[in-house]
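See structure below.
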Amino acid sequence: MDYLQQLNEVQQQAVTCIDGPVLVIAGPGSGKTRVLTFRIAHLIESGVPPHQILALTFTNKAAREMKERIGAVVGDKARTLWAGTFHSIFARILRVEAEHIGYPSNFSIYDTTDTRSLLTRIIKQMNLDKNNYAVNAVRSRISSAKSNLITPKLYAQDQELLSIDKLQQRPALYKIYNRYVSQCKQAGAMDFDDLLYRMFELLQKNPENVLDKYRSRFKYLLVDEFQDTNFLQYAILKKLVKYEGSPQNICVVGDDAQSIYAFRGATIDNILNFQEEFPGLNTFKLEQNYRSTQSIVEAANQVIRQNSRQIQKKIWTDKADTSRIKLIKTLSDNEEGKRVADLIVEYKNRFHVPNHEIAVLYRTNAQSRVFEEYLRRYNISYKVFGGLSFYQRKEIKDLLAYFRVAVNPRDEEALLRIINYPKRGIGNSTVEVYTSYASEHGISIWESLLTNPANTRAKKSISMFIKMISDFGRKIKDLNAHEAAAMIAHRSGIADLIRKDNSIEGIARQENLTALLDGIKEFVDNDEVEAGDVIEDKSLATYLQNIALVTDMDESADNNDFVTLMSVHSSKGLEFDAVFLAGMEEKIFPSFQAMEEKDGIDEERRLFYVAITRARKLLTLSFANSRYRYGKVVYHQPSRFLTEISDDLMDSQITPRKPVEAVSRQSRLQGNFKQRQPKTRETISVPQDFVPAAPHEIAAGLKVRHLKFGEGKVLSVDGSNDSKVATIFFQGVHNPQRRIMLKFAKLQILD
DNA sequence: GGGGGCTATGGGGGG
DNA sequence: CATAGCCCCC
């Protein structure tokens, strides 16, 4: 057990205290991950079968790293260990148990976009004012209800919640909540909160005694970043370890000072009250910081001291100072971008800091743009994390939606996304008919399509659509994920549609689609390991389950040397030699929303604490007097947090005297130099001899003239009566082959 | 039914 | 500024 030699005394104690509840308070850079992994390694070395250990994290990356490091200590034995995010581990259990609680095992997972669009539809259906019922507000209200185990039924009886909603002009919120939950269930779909909520429900209802099954399965629980757990996550943990006769082998690791997810329901009370919940608790405090230099640790301590509620601890380091903290003041966000990039160049030259040891952090993802601009200009490679991830891109979501519908046709969000994409003549009004039929009869949209209640002219298109989807559903059972995906990409028409678009964006979309298919191929060919087991089933359904909870933070980013650009939130758990923290301004950091929330400033301050402690040696803070926000110039005061760090720790760099710009005061105030030209409508003059033909006269083979597109040849005519559509080939037009509704188009027949 | 252009609106962090 | 939703036209 020579690995114990690599630990300091407290770390050793935390690792070897195997039985009963354990709380590890781990300051930043105090070797938290090391303790967690060595503890698991130690459990295994002490004879605990790895499959009885469950380690829960918040990111896939943390879980993966943990497993790798455990593997390095104990070797192959580590493979059957269950380590993963709360969401992915529970999703996995729910796949097995879903039918006990009224879900299909192939349930879909709704992401935030799906949730938002479902809520938008519900609000519209209920004829509610979308200004009062802002989707995001509604969504977060529902999310927090779920995270506090308040069912729609309980919500409707809770006078306090109801009166808050009334006060906020949203008295019908409980009805929306109720409808949302039943629609999700109808669709066989779980949102992110459901993965926790339904897990709890399962353990609570305890069908076929699943509770015992999982209690005896997981004899040792470990939780990383415990300060970020919410009421619901904690409730599930307690279900698993707090019961009559339980050995209570739960070890939680966290730092109350780094709790930054209150907005998604995390409560610092979980860690503050852990002692009361588990009286036999052994607590260990890791206070030595092995990461940062003196002034960085000192600055962090000065900042966090301003918060009242916290566990007392003294974070210290024996690392000597190499450089003081820098403060850059600039006049504009643009200049901030330039100065940061300049300093990056300087650090690279002077201290030989490699790109991968440099990070630019900011409060909001929208701030990344200026840094991207200058880094690109300076030819420094960088990677932006957060924002729109690969799987959120339109073309990817479109194809994934086909996969989802093939696996689970009740998945309404996916179905609505593709029912008329690519265009197949099932327009809004038709879709409307079927959705309202579905909701009236309490069935899914897919079922209402099958019943085919309406005799619209889209009937034929619908039956073809049904045939296609059913066919996909049958075929994917016999094909592997890659074969299935390629078949669907082709037969759905998506591949063709995108191949036709040769614009720059179009080519990017083609590349993304190829990348998706390549990724699926990789999934099929390689041994993917999920929570301890090699995935044997390489079906499309399994693939979907695998990617539903992946974020771009999880992409393997090794062997590339780039500067990291990310939000402070995503930076938690990471460290860099040089950290730039940009936008240190009031209303940005702290954010203006937080300034109005109860305990908002404290949370922002913890966020600031997280940011500071990412740096090993070089920390640079910056702020701009003015910046563009939502297309307007705004002026901000320097962040209050800057005053919380004492002057002796900071070097202040005032902007060098401004190179005079020949910009009038007027235009500087207006901000935007590019005056937008109002677009004028294209006018078409009608030639004297133009005689439009009646729709029924148009037939294949005729030469025609169109007012806008000029001369063309009719290739075919389809549809009947009212809805005749001609496919016409026009010479020398951007998209020469066009489909034109004869009802509207004015065409002259030429001889 | 489909597409283009204009207008109104939101606006943070993430699994 | 980005995007959703609406209106208009063919």
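Below, chains carry the letters A, B, ... as their sequence lines are ordered, and counting in each starts from 1.
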>> Please identify which of these residues, A:R404, A:R121, A:K397, A:R116, meets the side chain to side chain donor-acceptor pair (under 3.5 Å) condition with A:E413.
In response: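 It is A:R121; the other options fail the test.
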>> Assuming nearest nucleotide by heavy-atom distance, tell me which of A:A134 and A:N420 is located more 5' along DNA chain B.
In response: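 Result of the comparison: A:N420.
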> Quick one: on DNA chain B, does A:H569 or A:G425 contact a more 5' nucleotide (nearest heavy atom)?
Replying inline: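 Here A:G425 is the residue nearer the 5' end.
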Has [X] got a side-chain N or O lying under 4.0 Å from the OP1 or OP2 atom of [N]?
X	N	answer
A:N365	B:dG14	yes
A:N428	B:dG1	no
A:S429	B:dG1	yes
A:N60	B:dG15	no
A:S567	B:dG14	yes
A:S88	B:dG15	no
A:Y421	B:dG1	no
A:T112	B:dG14	no

> Taking the six-membered ring for Trp, are A:Y261 and A:F263 parallel (under 30°), tilted (30 to 60°) or perpendicular (over 60°)?
Replying inline: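 Rings of A:Y261 and A:F263: tilted, 30 to 60°.
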What's [X] touching, base or sugar-phosphate or nothing? Going by heavy atoms closer than 4.0 Å.
X	answer
A:F86	nothing
A:R629	nothing
A:A594	base
A:E597	base
A:F58	sugar-phosphate
A:E604	base

> Has the side chain of A:D194 got a donor or acceptor atom that lies under 3.5 Å from a matching backbone atom of A:D191?
Replying inline: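 Answer holds: yes.
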Measure from [atom1] on [X] to [atom2] on [N] and round the result to the nearest Å.
X	N	atom1	atom2	answer
A:R605	B:dG13	CZ	C1'	18 Å
A:K459	B:dG1	NZ	P	16 Å
A:M199	B:dG15	CE	C1'	17 Å
A:F192	B:dG15	CZ	C1'	5 Å
A:H87	B:dG14	NE2	P	14 Å
A:R139	B:dG15	CZ	C1'	11 Å
A:E596	B:dG12	CD	P	14 Å
A:F592	B:dG10	CZ	P	12 Å

Shortest side-chain distance from [X], nucleotide among [options]:
X	options	answer
A:S570	B:dG13, B:dG11, B:dG14	B:dG14
A:Y630	B:dG11, B:dG14, B:dG15	B:dG11
A:T430	B:dG13, B:dG11, B:dG1	B:dG1
A:K124	B:dG15, C:dC6, B:dG12	C:dC6

Base [N] paired with [X] side chain (donor-acceptor, <3.5 Å):
X	N	value
A:S591	B:dG12	yes
A:R606	B:dG13	no
A:D193	B:dG15	yes

>> When you compare the side chains of A:S332 and A:Y628, does any donor N or O come within less than 3.5 Å of an acceptor on the partner?
In response: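 No pair is found: no donor N or O on one side chain lies under 3.5 Å from an acceptor on the other.
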> Do A:R264 and A:N230 get their side chains close enough for a donor-acceptor pair, meaning under 3.5 Å?
Replying inline: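 The criterion, which ignores hydrogens and geometry beyond distance, is not satisfied for A:N230 and A:R264.
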> Is any NZ, NE, NH1 or NH2 atom of the basic residue among A:D255 and A:K572 found under 4.0 Å from an Asp or Glu carboxylate oxygen of the other?
Replying inline: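 Salt bridge flag = no for A:K572 with A:D255.
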>> Centroid distance below 5.5 Å plus an interplanar angle below 30 degrees: do A:F263 and B:dG13 meet both conditions?
In response: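 A stacking contact exists, since A:F263 sits close and nearly parallel to the base ring of B:dG13.
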> Which one of A:I236, A:I89, A:T85 satisfies the side chain to side chain contact (heavy atoms under 4.5 Å, CB included) criterion with A:L56?
Replying inline: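 That would be A:I89.
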> For B:dG11, what is the paired nucleotide under Watson-Crick or G-U wobble rules, both distances under 3.5 Å?
Replying inline: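 Result: none.
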